[in-house]
2 protein chains.
Amino acid sequence: MKQQEVFKAMADPTRRAILKRLQGGPLTAGEIGEAFDITPASLSHHFAVLKHADLVRTERRGQYIVYSLNSTVFEDLARMLMDLFPTKGKAGGK
Amino acid sequence: MKQQEVFKAMADPTRRAILKRLQGGPLTAGEIGEAFDITPASLSHHFAVLKHADLVRTERRGQYIVYSLNSTVFEDLARMLMDLFPTKGKAGGK
DNA sequence: TAGATATTTAGATAATTTTCTAAATATCGC
DNA sequence: GCGATATTTAGAAAATTATCTAAATATCTA
């Protein structure tokens, strides 16, 4: 897992809002974009960052491209934090 | 909790390394700096960002300033992630 | 108090990131 | 195939961030 990519991806509020929108299930790029006052090109850049961090997955469905959360990265992220902060019960990881 | 500040703080690799160094316990600014090839002024900037995000706490000890992890933010951060990703067992939060 | 050490603040520069416009690519429906 | 819609790519401008040097502040020791 690319730790740097993930944290960088999460650092932008627009991208976090995109992830949040995807909580309800997969959406097309256009549907996601409706919520933001930003050009499709800028949105697309954010998608690329999220995808590069493996936080979202894409699937082309005809004319549309459908984005969905990659929830397995959530666990990686949690582990990452565990590794970054001292655990209460047990001695710190590596 | 300032979500934006926390994520922004975590986005920089030097700052994550600082947090990691603090896992072993409190250290002075100088002790932390030994590990990095960066000027004290730049280090100080990173400390300010971490402090602003409430990820570290400071205490002056004579000539030195001692930095330590604020582990309570860890839990906030975990919650933040829980809120950002769909939970497996139970329906997503707010 | 004066000089030394530790750290921060101020201001400038360099690097990165976000956003835009314009153009390209892909798919659909006719 | 052609025009319309959906999305991405390319390249540039604007905003933000990381880093530096120089100077300021705080504390220690002699």
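Numbers restart at 1 for each chain; the letters A, B, ... are given by sequence-line order, proteins then strands. Nothing here was measured: the structure is a model prediction, and the numbers come from that model.
Here Tyr67(B) lies in heavy-atom contact (under 4.0 Å) with sugar-phosphate atoms only. Using a 4.0 Å heavy-atom criterion, one finds that Arg61(B) contacts no nucleic acid atom at all. Backbone-only contact: Ala29(A) has heavy atoms under 4.0 Å from sugar-phosphate atoms and none from a base.
Val66(A) places a side-chain heavy atom less than 4.5 Å from the side chain of Thr28(A). At a threshold of 4.5 Å between non-hydrogen side-chain atoms, the residues Tyr67(B) and Leu22(B) count as touching. Residues Met10(B) and Leu77(B) are in side-chain contact: their nearest non-hydrogen atoms beyond the backbone lie under 4.5 Å apart.
Counting only heavy atoms from C-beta on, Thr28(A) has its side chain closest to dT7(D) among dT19(D), dT7(D), dT8(D). Side chain of Asp12(B), nearest nucleotide from dT18(C), dA22(C), dA18(D): dA18(D). The side chain of Arg60(B) sits closest to dA26(D) out of dA6(D), dT8(D), dA26(D). Comparing dT18(C), dT17(C), dT17(D) by their nearest atom to the side chain of Arg15(A) picks out dT18(C). Picking from dT8(C), dC28(C), dA22(C) the nucleotide with the shortest atom distance to the side chain of Ala41(A) gives dA22(C).
When the nearest nucleotides of DNA chain C are assigned to Ser42(A) and Gly62(A) by heavy-atom distance, the more 5′-ward of the two goes with Ser42(A).
For the pair Val6(A) and Ala53(A), the tightest heavy-atom approach, listed with the atom from each and the gap, is CG2-O, 3.7 Å.
Note: CD (Gln63(A)) to C1' (dA26(C)) measures 9 Å, nearest angstrom. The CZ atom of Arg16(B) sits 16 Å away from the P atom of dT17(D) (whole-angstrom rounding). Rounded to whole angstrom, the span from the NE2 atom of His46(A) across to the P atom of dT8(D) amounts to 13 Å. The nearest whole Å value for the distance from the CD1 atom in Ile38(A) to the P atom in dT17(C) is 16 Å. One can place CD of Glu5(A) at 9 Å from P of dT17(C), the figure rounded to the nearest angstrom. The nearest whole Å value for the distance from the CD atom in Glu59(A) to the P atom in dT8(D) is 14 Å. For Ile65(A) and dT9(D), the CD1 to P distance is 9 Å, given to the nearest whole Å. Between the CG atom of Leu43(B) and the C1' atom of dC20(D) there is a distance of 13 Å, given to the nearest Å.
At least one side-chain nitrogen or oxygen of Ser44(B) sits closer than 4.0 Å to the OP1 or OP2 atom of dT8(C).
In terms of modelled atom types and a separation under 3.5 Å, the side chain of Arg21(B) and the main chain of Glu31(B) share a donor-acceptor contact.
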